[in-house]
Structure formats: structure tokens, C-alpha cells
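Below you'll find the structure, written out as C-alpha cells, and then a few comments.
Within every chain, numbering begins at 1; the chains are lettered A, B, ... in the order of the sequence lines, protein sequences first and strands thereafter. As the structure is a prediction and not an experimental result, all values here were calculated from the model. All values below come from the heavy atoms of this structure, side chains included, with hydrogens, waters and symmetry mates left out.
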Number of protein chains: 2
Amino acid sequence: MVEQEKLKRIQVDRNSFECSITTDVAVFGFIENSLKVLLIKRLSGYFMNHWLLPGGVMEADETLDDCAKKVLYQLTGFRNIHFEQVKIYSELERHPLKRVITQSFYALVKPENHSLVIGGNVERISWFDIDRLPEKIGYDHRQIIHDANLNLQLNLRERLIFGELLPKTFTLAELQNLYERILKIKLDKRNFRKKIFQMDVLTSTGEKKPGVKGGPLLYRYKNGNVCE
Amino acid sequence: MVEQEKLKRIQVDRNSFECSITTDVAVFGFIENSLKVLLIKRLSGYFMNHWLLPGGVMEADETLDDCAKKVLYQLTGFRNIHFEQVKIYSELERHPLKRVITQSFYALVKPENHSLVIGGNVERISWFDIDRLPEKIGYDHRQIIHDANLNLQLNLRERLIFGELLPKTFTLAELQNLYERILKIKLDKRNFRKKIFQMDVLTSTGEKKPGVKGGPLLYRYKNGNVCE
DNA sequence: CCAAAAGTGTTACGATTACACCCATGT
DNA sequence: ACATGGGTGTAATCGTAACACTTTTGG
């Protein structure tokens, strides 16, 4: 019983070792025919002159998902955005001062409502082409961005998450272009249309997109509850 | 600048809110033609009279993967076992006393070397059929087991992780049976063999399994670095 | 009217499925 | 000897991939 008491105390001591838990969100947008990710520069703290993913510390009264939502809301002002857990990073030397483990998420936002608000402790905020990231990226955020991008590609392939990346209405060519740019593949126009139609995720608006040769039809993403 | 100082202090305060981080490992074995999961009963602590996944608290000098490895080693004595991250659980009311978030893993062990060691603070340790779990399972471990099982199924389907679940040599019928039991599907014998062979993951030992009618050939999992 | 992009169907191929008999071994 | 399980090939089907011309619109 003494042995067990000892074990228990060790357990309790371990429980109270200090470790912060944060979430980092890779916010993706599809702008000017490229997949972009949103990075910020902080006014203070470590990696001041580096670009970082928007992230924040989890508080006692929120889950990791709550925390990610909060961070996203504080930074972009958007709600009901599609976002997903990606991975947890728990390497010892992630943060220079203390032990910090982070759960990464990715989020998709529509390019049409980009009212980027510079929040507290933020010096700059900017979209970066996923293939042209800045040199100086803080912590292991380059790795996190890379992993989030892989995850996005996987989800796009398997689960058709694109409703949040395009404007409310879009042409099939625009959608195909998004697939080609994000997945870095070339698709056959006819096969692509066939596939998308038989997946039954689009509804035609009946209208044609003005200003484009050929007069392409505009479509809408079927899945009702999409953010505004 | 005063505003920023304030922000920074809030951030630091948030950093130091107390939250334990644990790992829980769903150890799977394939025994008597069923997928089993390893559960323990603790001698002390919450959920004493409940079954629990083996799990432990992450220490300051280890990553989550290290921690899972450690827990696994302490419980089974095995090393070089195949295991993978599954999911993180961060709901507020997971633990009755304090905030605890846990990263779950699943691990696969060979049935042939089951020297189950009862570690400290463990009253009982036992394999349970995945479809006949005990009534009383502590915390959210029933959910964690369920999610880990889904993950295992996915990996079995897509990445052929079975080398760790079967003895060193096995017949194709045994392998097919494993697939059928874990995935809960019925497979065609000829198509299954065709598929496995064209995947080129097995090598024949040239020997036949004694004691079985028909005299089936024994195979070995090709992937070199498999645990002992 | 011309250039540019939209829209449309069919064929070929590869992968998956369904299916039945003979052979080897243990009892 | 016989009952049990091991081992083998082929035809049908489905999904995927390749491919070229006509129509619509903007400039």
C-alpha cells in the first residue's frame, strides 16, 4: 500500500508539470488562381520578425475546437467556417521558453469576404501563395502549413470540401481550376464535369456568368448550411 | 504599448493555466479469431472499479509519441510495436477532478508473445472482444476505443497493417479471416488471394502448416523491420 | 467575324466482382 | 474412404481515362 501511495503521488506530481496547449490555424483561401495561406507578424513575443500562423492558447473553459474557432473568429471575424483538426505537435524544443504543444487546424474561407482585421499584438497580416512562403517562418509553422496543406488535398480528393473556397456561385471551369491548382494535377474537362455532376453536389443557378467568353453557367454548392 | 503589455500579460496568465496531458493506448490483438482490445483495472484513482485503456501522463521530457511508447512498454514489455496517433480528446468534463486532455493511439501486438505484466497500480488486465466490451468503462474510453477501431479498419483497408497482428508465419486463410473479422465483411477467396499477391507483401516460406487439412502454405510478412 | 472558352458522348482500358471444380491432408 | 479445407482461372461488370468537335460569347 505504501508502494501504491508512492506511485499515486508521482502521478499527481506529473499531473502538475507545466505545459501550455495552443491551437494554430492554417487559414486557406483561393485567391487569384492560387491557394493562399494567411500568416501574421506579431508586435511582441518570440519570433517577432517572423511570419506565423494565427494561433492562441487554449483556456480552461474551452475545448481545442472551441479554441480554434475563437482564434479564427478573433482574426477574421468569420463564423461557421469549415475547419478541421490536422495534427498535434509535441516536440520538446518547439518553443524556446517553455513546453508548448499545439494542435493544428486548417480552415477554409471564401475570398469574397476578406475583411482582414488586424487584431491585438498583430503587426501585419497577409496572404501567401502556398508555393511561395516567406523565408522567415517562426517555430515549426512551416511544417504545420505543409501538413495542413496535405490534409486539405486529401479532403478535397475524398470529401469534396470546396464550398468554402469559392464564391457563392461559380462556373465549372473555376471549380476545375481550383482542383488543378490545389492538387497540382491536370484534369480532363469532360471527365471532371461528369464526375462532379454524378456526385450531385451542385445546383445550377440558370444564369450565365457575364464578361466571360462562351457564356458559362453559374452553379451553387448544394450543401445547404454554408457560411456567408 | 501599455495595451500591448496588458495583452502580453494576459497571454502569460493563460499559458500557466493547469491542464494535464495524457496518452491512452488502445492495444489490439487478434486472438481466437476475434479482434481484442487490452483493458486494465486500476488499484486506485477514479474509475477504480471500471475498465480503462492503459494510459499515462506525459512528462516534461517526452513527446506524446514517447509517452505512448513508454506506456505501452510499461504495460506489455514490448518494443518496436506498430502504433499510431488517432485523435485528441479535449472535452471539458473528461476528468472529474481537473482538466485533462488526452491523445489516443492504437497499437498492434502479436498474439504469440503475450506475456502480460501487471504493472504498478494495476489490479487486473485482460483482453476483451471488441464487440463484447465490458459494461463499465471509465472516462470516455469507450468512445476512444470505438474511434481507434475505426482508425484501425481504415488503415487495414488502405495500408495493409497486419504484419503485427499475426504470428510470424501464417496461412492465407488465416490472413483472410483476419480481414473478415476486423472489417466485418465477407471476402471471395480467389479475389482476396489475387489482390494480396499482386500487392507483393508476402513471401512464401515453402513450408506447409501441419495439422490442417489441405496442407496450406505458410507465408511471412515481407516488410523487413517487424517487431519480434 | 474572329478568337477564346463552354459544352457535349463514345470508346478503350484496367480494376473489381462473381462463380465451380480439383487437390492435398487429417481422421 | 471420406470429409474438410486449400488451391486455382475466366467471364461480366463497373469505374476511370482518353479523346475532338460544335456552340456561345466578347472583343
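Between the CD atom of Gln176(B) and the C1' atom of dG6(D) there is a distance of 11 Å, rounded to whole Å. Rounded to a whole Å, the CG atom of Asp188(B) is 14 Å from the C1' atom of dA15(C). Remark: C1' of dG6(D) and CG of Leu218(B) are 12 Å apart, rounded to the nearest angstrom. The CG atom of Leu187(A) sits 17 Å away from the C1' atom of dG7(C) (whole-angstrom rounding). Between the P atom of dG7(D) and the CD1 atom of Ile196(B) lies a distance of 14 Å, rounded to the nearest Å. Protein atom CZ of Phe197(B) is 18 Å distant from nucleotide atom C1' of dT16(C), rounded to whole Å. The separation between Glu207(B) atom CD and dG6(D) atom C1' is 17 Å, rounded to whole Å. When the P atom of dG6(D) is taken as reference, atom CZ of Phe170(B) falls 15 Å away, rounded to whole Å.
Checking dT8(C), dG6(D), dA6(C) against the side-chain heavy atoms of Ala173(B) singles out dG6(D) as nearest.
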What N/O pairs connect the protein and nucleotides 11-17 of chain D at under 3.5 Å? Give each pair on its own line.
{"unit_1": "dA17(D)", "atom_1": "N6", "unit_2": "Lys194(A)", "atom_2": "NZ", "d": "3.1"}

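Heavy atoms of other residues, nucleotides or ligands lying less than 6.0 angstrom from CZ of Arg142(A) number more than 12. Taking a 6.0 Å sphere around OH of Tyr73(B), one finds it holds 12 or fewer heavy atoms contributed by other residues, nucleotides or ligands. Within 6.0 Å of the NZ atom in Lys69(A), the count of heavy atoms belonging to other residues, nucleotides or ligands does not exceed 12.
The base of dA6(C) has none of its N or O atoms less than 3.5 Å from a complementary donor or acceptor on the side chain of Arg193(A).
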>> Strictly under 4.0 angstrom, non-hydrogen atoms only: write out the protein contact profile of nucleotides 21-27 of chain C, one letter per nucleotide from the 5' end, B, S or -.
In response: ---BBS-
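Using bins of under 30°, 30° to 60° and over 60° for the plane-to-plane angle, the ring pair Trp51(B)/Phe128(B) lands in the perpendicular bin. Using cut-offs of 30° and 60° for the angle between ring planes, the Tyr139(B) and His141(B) rings count as tilted.
Minimum heavy-atom separation, Gly55(B) to Asp24(B): CA-OD1, 3.4 Å. Residues Ser104(B) and Ile144(B) approach most closely at CB-CG2, 3.5 Å, considering heavy atoms.
A donor and an acceptor atom, one from each side chain of Glu84(B) and Asn151(B), are nowhere located under 3.5 Å apart.
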Report, one line per pair, each donor and acceptor closer than 3.5 Å where one atom sits in a side chain of residues 204-211 of chain A; sequence neighbours left out.
{"unit_1": "Ser204(A)", "atom_1": "OG", "unit_2": "Gly206(A)", "atom_2": "N", "d": "3.0"}
{"unit_1": "Thr205(A)", "atom_1": "OG1", "unit_2": "Glu207(A)", "atom_2": "N", "d": "3.2"}
{"unit_1": "Thr205(A)", "atom_1": "OG1", "unit_2": "Leu218(A)", "atom_2": "O", "d": "2.9"}
{"unit_1": "Lys209(A)", "atom_1": "NZ", "unit_2": "Glu174(A)", "atom_2": "OE2", "d": "2.5"}

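Within 4.0 Å of Leu172(A), counting heavy atoms only, lies no atom of the nucleic acid at all.
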